[in-house]
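Each residue takes its place number in the sequence, starting with 1.
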Amino acid sequence: MEKQQGSCDTHFHVLAVDDSLVDRKILERLLTVSSYQVTSVESGSKALEFLGLMDDMDSSSRRRQDMKVNLIITDYCMPGMSGYELLKRIKESSCKDIPVVVMSSENVPSRISRCLESGAEEFLLKPVRLSDMEKLHPHLLKSQQFIDNNSKKSRKRKAISPQPVERSTKTRGLRVA
């Protein structure tokens, strides 16, 4: 697993998945130049492992909370697990709200439709360009809005449902029977 950081004020984290080292490095560079924090992996199974979605993982190997992923960008054609299979696994998991973008060097309309119908936010044709990175921003914003809304809900839940407090037998100097 390779990790590259953008600038210090980066707050969007992208998980890049591609079996080709050259394509992965190009994608890392484009995302970093666009001020995104990037973690890149070489397979769908490594992506699932990073996200904490592997069936055989124990709880100590689960994704760290400080490594929230705002977007996943994956190649379609990879050995072992295709980008389409990865998309389906993510959309059927607890990470279903993370936007997924699929990319391919082949412009096959049925493949593009299948991915979009299965929940992909976008389908990019390789070679990916810097201008393609601009297409990711609305999906990242949507992801950030979802994270913000969930954290507000959990804070609100905590405020509404506090932990039970042990009550004393005295209330303002009066004994309660």
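- I112 contributes atom CD1, which lies 10.0 Å from atom CG of L124 (distance to the nearest 0.5 angstrom).
- Heavy-atom minimum distance, D19 versus P79: OD2-CD, 3.3 Å.
- Going from atom CZ of R114 over to atom CZ of R111 covers 8.0 Å, rounded to the nearest 0.5 Å.
- L116 contributes atom CG, which lies 8.0 Å from atom CZ of F123 (distance to the nearest 0.5 angstrom).
- Side-chain atoms of S34 never come within 3.5 Å of backbone atoms of Y36 as a donor-acceptor pair (strictly under, hydrogens ignored).
- Residues E121 and V100 fail the side-chain proximity criterion, which asks for heavy atoms closer than 4.5 Å.
- With a 4.5 Å cut-off on side-chain heavy atoms, K68 and F12 do not count as touching.
- Shown here for D132 and P127, the closest heavy-atom pair between the two residues is OD2-O, 4.2 Å.
- Contact check for R29 versus L31: no side-chain heavy atoms found under the 4.5 Å cut-off.
- Using a cutoff of 4.0 Å between basic side-chain nitrogens and carboxylate oxygens, E28 and K25 are scored as salt-bridged.
- Proximity of M103 to I73: side-chain heavy atoms (C-beta onward) are separated by under 4.5 Å at one or more points.
- Proximity of a side-chain donor or acceptor of E92 to a complementary backbone N or O of R89 within less than 3.5 Å is not detected.
- From H13, atom NE2 reaches atom CD of Q37 across 4.5 Å, with rounding to the nearest 0.5 Å.
- Contact check for V14 versus L140: side-chain heavy atoms found under the 4.5 Å cut-off.
- Side chains of L86 and L48 form a contact here, defined as non-hydrogen atoms less than 4.5 Å apart.
- A distance-only check finds a donor-acceptor pair linking the side chain of S113 to the backbone of P109 [under 3.5 Å].
- Between R24 and D18, the closest heavy-atom pair is NH1-O, 2.7 Å.
- Smallest separation of non-hydrogen atoms from D23 and K126: OD2-NZ, 3.1 Å.
- L87 and V108 fall into different hydrophobic clusters, defined by Ile, Leu, Val, Met, Phe, Trp and Tyr side-chain heavy atoms under 4.5 Å apart, directly or through other members.
- The aromatic rings of Y84 and Y76 are tilted relative to each other, their planes meeting at an angle between 30° and 60°.
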Can you list the steps and then say if L15 with L71 is a side-chain contact (heavy atoms from CB on, under 4.5 Å)? CA-CA 6 Å; L15 177 59; L71 183 124; over 6 Å; no
Between E49 and K46, is a side-chain contact (heavy atoms from CB on, under 4.5 Å) present by the stated rule, with each step listed? CA-CA 5 Å; E49 184 179 323; K46 292 282 187 191; 4.3 Å; yes
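- Residues V128 and L30 share a closest heavy-atom pair of O-CD1, 3.3 Å.
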Could you go step by step and tell me if L136 and V101 meet the side-chain contact (heavy atoms from CB on, under 4.5 Å) rule? CA-CA 8 Å; L136 303 180; V101 173; 3.8 Å; yes
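- Counting all heavy atoms, side chain and backbone alike, A16 lies closest to L27 at CB-CD2, 3.7 Å.
- Counting heavy atoms from C-beta on, the side chains of L53 and S94 come closer than 4.5 Å.
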Begin from the C-alpha positions of I98 and N70 and carry the test side-chain contact (heavy atoms from CB on, under 4.5 Å) through to its verdict. CA-CA 6 Å; I98 299 175; N70 300 100; over 6 Å; no
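- Between the CG atom in L51 and the SG atom in C95 there is a gap of 5.0 Å [rounded to 0.5 Å].
- Counting heavy atoms from C-beta outward, S40 and V17 have side chains that stay 4.5 Å or more apart.
- Residue H137 holds its NE2 atom at 11.5 Å from NE2 of H139, rounded to the nearest 0.5 Å.
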